[in-house]
Amino acid sequence: MPKQSRRDFFKISAALTAVTAGVTSTKIKAESKDYIPDKAMGVLIDTTVCIGCRKCEWACKVAHDMPTAPLESYDNRTVFNEMRRPDHTALTVINEFPGKELDRFPIDVKYQCMHCNTPACVSACIVKAFHKHPNGTVTWDGSKCIGCRYCMVACPFQIPAFEFDKAIEPDIKKCDFCFERTKIGMLPACVEICPNEVLTYGKREDLINIAHNRIEIDPDKYENHVYGEFEVGGTSWLYLAGKKMPELGMPDLPRATAPGVSESIQHGLFAYFVPPLALYAVLGGVMWINKNRKNSETEE
Ligand code: SF4
Ligand code: SF4
Ligand code: SF4
């Protein structure tokens, strides 16, 4: 992670001052990411063939140098006794639900960042620590983050997780779509390891066609809905399932893009009301200074 310099500090201080000062005359402009490039990639998750082996959870941790138990221990299915969420210790998790009526198989569902086409986290972040790449990936840059956690509030899928157990330089953790792997032509680690071809990596537009074809061929097996095709403006990760996704732990969301909502909130709250934003900016500056003071002390 690149270190912050004194120049960066002045840049951020200036930016915060400008934001604070400018609010009286202009509305804050949250970044809009409506543009979906042709080369946007995605993953189609066919939950009807997932066996809940959780190899994807293990491979994700290995690919990101995160602590993990041995692969054999992932056979323990007692983890399905409670619902889990991706957090700072696991960027993706599997939950299990009862199957459809007359169906003896449970339904296993994988969760991770959805890499929204118009990401609320990107829009909400005032220092642009989140970035949407042309291939669809949404990444987070720790060298820019001031730890305000506004992204956590904005995300409609409740994905960004904060390292609460880390006193010094806590990070925001979320699936990065294995950006370091895909940019050199490798598959995301979870896609590569999946033994049942639950996860299909490809162009988002192609995946949508594949998904609709599967529904057409086997309408009794699937709900007639590709989750993520339109939700909050569309997402890079898409789901097929035998039940409605809100019954499988995913939120029931409108087509309207989430940033539109978060921008409205930002604008409504801050455009004509300086004190909260000023306080927010000052707090951000203080957090940034403290973070860098700790860095200097560590280096000394
Ligand atoms: S799911 Fe949340 S964290 Fe991921 S891109 Fe969308 S808004 Fe950002
Ligand atoms: S794409 Fe990479 S970071 Fe995201 S869940 Fe899969 S393995 Fe983890
Ligand atoms: S590796 Fe594939 S089959 Fe196993 S839990 Fe993950 S998505 Fe399901």
With side-chain contact (heavy atoms from CB on, under 4.5 Å) as the criterion, how do His115 and Lys174 come out once you've worked through the C-alpha distance, each side chain's angles and the decisive distance to 0.1 Å?
CA-CA 10 Å; His115 299 275; Lys174 71 166 204 74; 3.5 Å; yes
Report the C-alpha distance between Leu248 and Tyr239 in whole Å, list the side-chain angles of each, state the deciding distance to 0.1 Å, and finish with yes or no for side-chain contact (heavy atoms from CB on, under 4.5 Å).
CA-CA 11 Å; Leu248 301 173; Tyr239 287 85; over 6 Å; no
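- Note that NE2 of His88 and CD of Glu163 are 6.5 Å apart. Values are rounded to the nearest 0.5 Å.
- Rounded to the nearest 0.5 Å, atoms NZ (Lys144) and CZ (Phe130) are 12.0 Å apart.
- In this structure Arg85 satisfies the side chain to side chain donor-acceptor pair (under 3.5 Å) test with no other residue, sequence neighbours excluded.
- The shortest non-hydrogen separation linking Val138 to Pro119 is CG2-CG, 3.7 Å.
- Residues Arg77 and Asp108 meet the side-chain proximity criterion, which asks for heavy atoms closer than 4.5 Å.
- Under the 4.5 Å side-chain heavy-atom criterion for ILVMFWY residues, no single connected hydrophobic cluster contains both Ile208 and Met245.
- Residues Thr89 and Lys61 approach most closely at O-CE, 3.1 Å, considering heavy atoms.
- You'll find the side chain of Ile45 reaches within 4.5 Å of the side chain of Gln112, heavy atoms only.
- Residue pairs meeting the ring pair (Phe, Tyr, Trp, His ring centres under 6.0 Å) criterion with at least one partner in residues 204-228, sequence neighbours excluded, are absent.
- Taking all atoms of both residues into account, the shortest heavy-atom contact from Leu240 to Val226 is CD2-CG2, 4.3 Å.
- Proximity of a side-chain donor or acceptor of Arg181 to a complementary backbone N or O of Leu187 within less than 3.5 Å is detected.
- Between Glu96 and Val79, every side-chain heavy-atom pair lies at or beyond the 4.5 Å cut-off.
- Side-chain N or O atoms of Asn81 include one that pairs as donor or acceptor with a backbone N or O of Thr78 at under 3.5 Å.
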Could you walk me through whether Met186 and Cys178 pass side-chain contact (heavy atoms from CB on, under 4.5 Å), step by step?
CA-CA 9 Å; Met186 293 173 71; Cys178 283; over 6 Å; no
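- Of all non-hydrogen atoms in Gly233 and Thr257, the two that sit nearest each other are CA-CG2, 3.8 Å.
- The shortest side-chain heavy-atom distance between Pro246 and Pro251 does not fall under the 4.5 Å cut-off.
- With Arg204 contributing its side chain and Glu229 its backbone, the two residues share a donor-acceptor pair below 3.5 Å.
- Salt bridge status for Glu180 with Lys183: present, with a side-chain N to carboxylate O gap under 4.0 Å.
- Nearest approach of Ile172 to Pro160, heavy atoms of both residues: CG2-CB, 3.8 Å.
- No chain of hydrophobic side-chain contacts below 4.5 Å, direct or via other Ile, Leu, Val, Met, Phe, Trp or Tyr residues, connects Ile210 to Val43.
- With rounding to the nearest 0.5 Å, the separation of CG in Asp75 from SG in Cys53 is 8.5 Å.
- No hydrogens or angles considered: a donor-acceptor pair under 3.5 Å links the side chains of His133 and Thr139.
- A donor-acceptor pair is defined here as one N or O able to donate and one able to accept, closer than 3.5 Å; no such pair exists between the side chain of Asn196 and the backbone of Val198.
- Counting only heavy atoms from C-beta outward, the side chains of Tyr74 and Lys55 never approach each other to under 4.5 Å.
- Taken from OG in Ser123 to NZ in Lys132, the straight-line distance is 13.5 Å, to the nearest 0.5 Å.
- Here the NZ atom belonging to Lys173 is positioned 12.0 Å from the CZ atom belonging to Phe162, to the nearest 0.5 angstrom.
- With hydrogens and angles ignored, the 3.5 Å screen pairs a side-chain donor or acceptor of Arg84 with a backbone N or O of Ile94.
- Residue Asn224 places its CG atom among 12 or fewer non-hydrogen atoms of other residues, nucleotides or ligands, all under 6.0 Å distant.
- By the 4.5 Å heavy-atom criterion applied to side chains, Pro106 and Phe97 are not counted as neighbours.
- With sequence neighbours excluded, no residue satisfies ring-ring contact (aromatic ring centres under 6.0 Å, His included) with Phe80.
- Criterion: ILVMFWY side-chain heavy atoms under 4.5 Å apart, direct or through other members. Under it, Met41 and Val191 are part of a common hydrophobic cluster.
- Phe157 and Leu44 are not part of a single hydrophobic cluster, where members link through side-chain heavy atoms under 4.5 Å apart.
- Using cut-offs of 30° and 60° on the angle between ring planes, the pair Phe177 and Trp237 is tilted.
- Side-chain heavy atoms closer than 4.5 Å link hydrophobic residues (I, L, V, M, F, W, Y) into clusters, and following such links, possibly through other members, connects Val122 to Met152.
- Residues Arg214 and Glu216 have side chains not in contact (no heavy-atom distance under 4.5 Å, counting atoms from C-beta outward).
- A distance-only check finds no donor-acceptor pair linking the side chain of Glu57 to the backbone of Val93 [under 3.5 Å].
- Taken from CD1 in Ile159 to CG in Leu91, the straight-line distance is 9.5 Å, to the nearest 0.5 Å.
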Under the side-chain contact (heavy atoms from CB on, under 4.5 Å) criterion, do Thr92 and Cys175 qualify, and how do the steps go?
CA-CA 7 Å; Thr92 185; Cys175 157; 5.9 Å; no
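- When every heavy atom of Ile107 is checked against every heavy atom of Gly99, the shortest pair comes out as CG1-CA, 3.9 Å.
- Using a 4.5 Å cut-off on side-chain heavy atoms (C-beta onward), Ile215 and Lys221 make no contact.
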